[in-house]
There are 2 protein chains.
Amino acid sequence: MKALSKSKAATIYEVAQHAGVSIATVSRALRDSDLVTAATRARVRAAVEALNYTPNQLGRSLAEGRHAANGIVFPDLTGPYYAEVVLGYEEAASELGRSVLILATHRRRDAEAAVLDLAGRVDGLAVMGNTVGDDTVRAIAATGTPLVLLARPPVDGVDTIRTRNERTATALADHLVAHGHRRFVFAGDPEAAPDMAGRYGGLVKALRAHGLPKPELRPCAYDVEAGESVGRELMADPPDAVVCANDEVALGVHIAAEAAGRSVPEDLAVTGWDDVLAARFAGLTTVSQPMRELGAIAARWLDGRIGERNAGPERAAPRRRVLPTQLVVRRSCGSHPAETPNPLGGTA
Amino acid sequence: MKALSKSKAATIYEVAQHAGVSIATVSRALRDSDLVTAATRARVRAAVEALNYTPNQLGRSLAEGRHAANGIVFPDLTGPYYAEVVLGYEEAASELGRSVLILATHRRRDAEAAVLDLAGRVDGLAVMGNTVGDDTVRAIAATGTPLVLLARPPVDGVDTIRTRNERTATALADHLVAHGHRRFVFAGDPEAAPDMAGRYGGLVKALRAHGLPKPELRPCAYDVEAGESVGRELMADPPDAVVCANDEVALGVHIAAEAAGRSVPEDLAVTGWDDVLAARFAGLTTVSQPMRELGAIAARWLDGRIGERNAGPERAAPRRRVLPTQLVVRRSCGSHPAETPNPLGGTA
DNA sequence: GACGGCAATGAAAGCGCTTTCAAAGTCGAA
DNA sequence: TTCGACTTTGAAAGCGCTTTCATTGCCGTC
């Protein structure tokens with residue numbers, strides 16, 4: 001009885017023939033149009049069942065003139081940061097009836113081409129951080145594909161969402177100064193990403209306000225190994241505090257310090273950024289960000305832009321948004337007498 | 001000079017007209033066919049530039065009869081496990097010239113429908129763990145879409161890749177018994193996922209082989225909070241060792257134990273699974289898995305299947321593969337006198 | 001009893017591209 | 001000079017669907 005054809009998927013024509021109707025009727029029946037009789041609809045349903053028919057989305061999308069899919073471009077997926085953003089994006093997008101295409105640009109040289117290709121497969125695209133240059137962003141924007149930039153420097157005419165870096169970095173620095181720290185190192189590369197520049201900038205500004213010298217800059221990559229490497233170098237003459245560009249680097253510095261027989265925070269303070277799970281267990285003072293929300297807002301903005309685009313040419317002005325971040329104080333920045341008894345906890 | 005049209009993207013017809021050739025020639029020029037003169041190709045290129053033309057991938061895919069895209073279905077993206085698998089998948093797929101569509105099924109009730117829809121948008125699909133039932137898998141397989149199951153019970157006729165659970169769980173249990181532990185608890189739900197069943201099964205088998213009683217089973221979700229909750233309950237009468245289904249749970253148990261004034265591993269041993277970054281900082285004995293490789297192999301298998309499918313009906317037998325996992329011994333399972341001096345390290 | 005109006009269906013035109021097949025143009029050899 | 005072989009280009013069919021527009025059949029109405 002099972003009429004599974006060899007391998008080729010059934011088309012709307014075969015369903016129509018099997019049900020004894022035209023393809024137009026099949027299409028309408030499947031889209032729940034009220035233009036078909038209940039009886040006809042039933043016949044079509046039966047044919048669909050019998051042939052195990054699934055509509056070809058390419059045909060459908062081509063006819064409708066929409067992909068019903070959004071894309072997101074990010075450097076990597078290791079570490080919770082990008083993964084959470086992507087998850088928030090996917091969740092919001094799929095609620096809006098859109099599939100999500102992903103593209104990781106790290107470890108590929110043809111990133112720009114890959115992003116352009118991706119742009120041709122979606123109705124809207126989110127571009128994160130340090131992935132492609134402004135030229136590529138402008139080229140995509142020029143084709144009319146709605147775009148939103150995440151944690152990335154703005155480009156004229158394109159929506160941008162970022163998280164607060166500078167102000168929270170200043171707050172972090174104030175806290176460290178209050179602990180009595182005076183000689184600072186910043187581990188991370190302000191040139192590498194705008195987020196990092198903001199964090200460094202906030203630190204510099206705060207130190208200046210306190211009449212302290214500029215932090216020593218130690219550019220490095222953003223993983224544990226890079227942090228360990230920087231940490232080892234620093235242990236010859238440890239500073240009071242090492243402010244790290246993210247948690248992975250901070251954890252690396254932490255490891256290097258302990259390996260060198262120094263303890264955190266007694267001998268030196270270490271802070272990170274992102275509030276990864278490990279930060280809690282390392283007692284790392286850090287900053288938490290609304291990552292999922294970042295992704296979700298991007299998806300919703302894009303949906304709005306896609307709607308506008310179909311509505312007419314009157315395009316609203318580009319939007320900017322900065323999401324708040326929160327200092328998470330734990331052990332690693334210096335002793336807190338009034339601390340909660342649970343050494344693994346954290347206080348915001 | 002910039003002739004950016006209002007908003008509508010240019011089509012191949014406009015490029016053809018602008019270059020004074022037919023659309024066939026434009027198509028050939030863009031696909032680097034050697035059937036076009038260098039001069040013609042240049043004219044076409046110029047027109048493409050002038051119009052800021054990007055080929056519509058829908059039209060292309062429809063004509064070619066392929067999506068040039070693969071899908072992957074997973075429950076969630078929090079925690080490194082799924083994220084790493086997805087990343088490995090994306091990397092391999094994009095090397096093979098395929099885009100990647102993702103779908104997270106957690107916190108949505110219409111998962112089955114969403115997966116079916118996704119299946120219609122891709123040339124091949126990877127389905128992870130506890131996302132959709134066998135019926136859905138079979139329905140997709142019946143349409144002819146190549147499928148590979150990851151960390152999930154096999155389905156007749158469908159390729160499956162898993163990581164080793166039972167044997168490594170047995171090795172872990174042996175290790176714990178060698179430490180002198182006798183009374184065991186398993187925190188996690190063997191019913192929830194086949195991976196978990198394997199871990200539990202390996203533990204049971206090992207204890208039986210040592211003539212020890214079955215472990216006490218504490219079903220729970222797979223996050224830190226669930227672990228804390230189980231941990232709190234256990235602290236009334238702590239067992240010798242708590243073998244947890246994954247690292248998050250283990251870290252939760254760890255937190256609960258310390259909060260109750262018990263120390264790990266002196267008062268009780270705790271082990272996890274996955275080797276997340278935090279495990280290193282908590283000194284957690286755990287098991288590492290080749291997550292990226294899991295994803296990468298899935299992408300390559302799918303590519304192969306898609307090739308076969310286009311080649312002819314002779315379909316190779318379904319493949320099964322089990323990837324090895326590795327015990328990572330750290331502090332939390334009991335004292336190791338000969339341990340490396342770096343307390344944060346781990347030994348395989 | 002003829003006719004207007006409405007509900008259900010079908011025919012056919014696209015959506016933007018690839019690719020087959022035919023036509024036109026080019027060149028060298030007889 | 002003419003012919004055949006080859007190269008380059010164009011016309012048009014089709015990929016699987018949605019949707020407009022036309023058609024059919026049916027009902028109630030005057």
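Predicted model only: the values in this text are computed from it and were never measured. Protein chains get the first letters and strands the later ones, always in sequence-line order, with residue 1 at the start of each.
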Distance below 4.0 Å between B:R60 side-chain N/O and C:dG16 OP1 or OP2: no

Given that A:G59 and B:I23 both sit by DNA chain C, which one's nearest nucleotide is further toward the 5' end?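 Of the two residues, A:G59 wins.
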
Describe the nucleic acid contact of B:T40 in one word from base, sugar-phosphate, nothing, applying a heavy-atom distance below 4.0 Å.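 Sugar-phosphate only.
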
Would you call B:E49 and B:R43 a salt bridge, taking side-chain N to carboxylate O under 4.0 Å as the test? no

For B:Y13 and C:dG14, is the shortest distance between a side-chain N/O and OP1 or OP2 below 4.0 Å?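 So the side-chain polar atoms of B:Y13 never come under 4.0 Å of the phosphate oxygens OP1 or OP2 of C:dG14.
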
Can you figure out which of C:dT9, D:dG16, C:dT18 approaches the side chain of A:A63 most closely?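 Closest nucleotide among those given: D:dG16.
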
Taking only the side-chain nitrogens and oxygens of A:S27, find out if one of them lies under 4.0 Å from OP1 or OP2 of D:dT18. yes

When all nucleic acid strands are considered with a 4.0 Å heavy-atom cut-off, which category describes A:T11: base, sugar-phosphate, or nothing? sugar-phosphate

Rounding to an integer number of Å, can you tell me how far A:L30 CG sits from C:dT9 P? 14 Å

Name the nucleic acid region contacted by A:L58, choosing base, sugar-phosphate or nothing; use a 4.0 angstrom heavy-atom cut-off, strictly under. nothing

Does A:T25 or B:N56 map to a spot on DNA chain C nearer the 5' end, using the closest nucleotide for each? A:T25

Let me know the distance between CD1 of B:I12 and C1' of C:dT18, rounded to the nearest Å.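 In whole Å, C:dT18 C1' and B:I12 CD1 are 8 Å from each other.
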
Counting any heavy atom closer than 4.0 Å, what does B:R31 reach on the DNA or RNA strands: base, sugar-phosphate only, or nothing? sugar-phosphate

The side chain of A:A24 lies closest to which of these nucleotides: D:dT9, C:dG10, D:dG14? C:dG10

For A:S94 and B:R108, test the side chains for any donor-to-acceptor distance below 3.5 angstrom and give the result as yes or no.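 Per modelled atom types, A:S94 and B:R108 side chains form a pair under 3.5 Å.
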
Figure out the OH/C1' separation between B:Y53 and C:dC17, and round it to whole Å. 7 Å

Pairs involving residues 120-130 of chain A, ordered by first then second residue, that meet salt bridge (Lys or Arg N to Asp or Glu O under 4.0 Å) (sequence neighbours left out):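 Residue pairs with at least one partner in residues 120-130 of chain A: A:R98-A:D123, A:D117-A:R121.
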
For atom CD of A:Q57 and atom C1' of C:dC15, their distance in whole Å: 15 Å

Nearest to the side chain of B:T37, which nucleotide is it out of C:dC17, D:dG10, D:dT8?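 Of C:dC17, D:dG10, D:dT8, D:dT8 is nearest to the side chain of B:T37.
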
Write down the distance between CD (B:E64) and C1' (D:dG16), rounded to a whole number of angstrom. 15 Å

Counting only side-chain N and O atoms of A:R66, is one of them less than 4.0 Å from OP1 or OP2 of D:dT18?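 It does not, given that no N or O in the side chain of A:R66 lies less than 4.0 Å from OP1 or OP2 of D:dT18.
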
Here the distance between atom C1' of C:dG10 and atom CZ of A:R43, to the nearest Å, is 13 Å

Note: A:D303-A:R300 ion pair, threshold 4.0 Å (strictly below): no

Could B:D159 and B:R320 be called an ion pair, given the rule that one side-chain N must be under 4.0 Å from one carboxylate O? no

Among D:dG16, D:dT9, C:dT9, which nucleotide sits nearest the side chain of B:R28?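 The closest nucleotide is D:dT9.
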
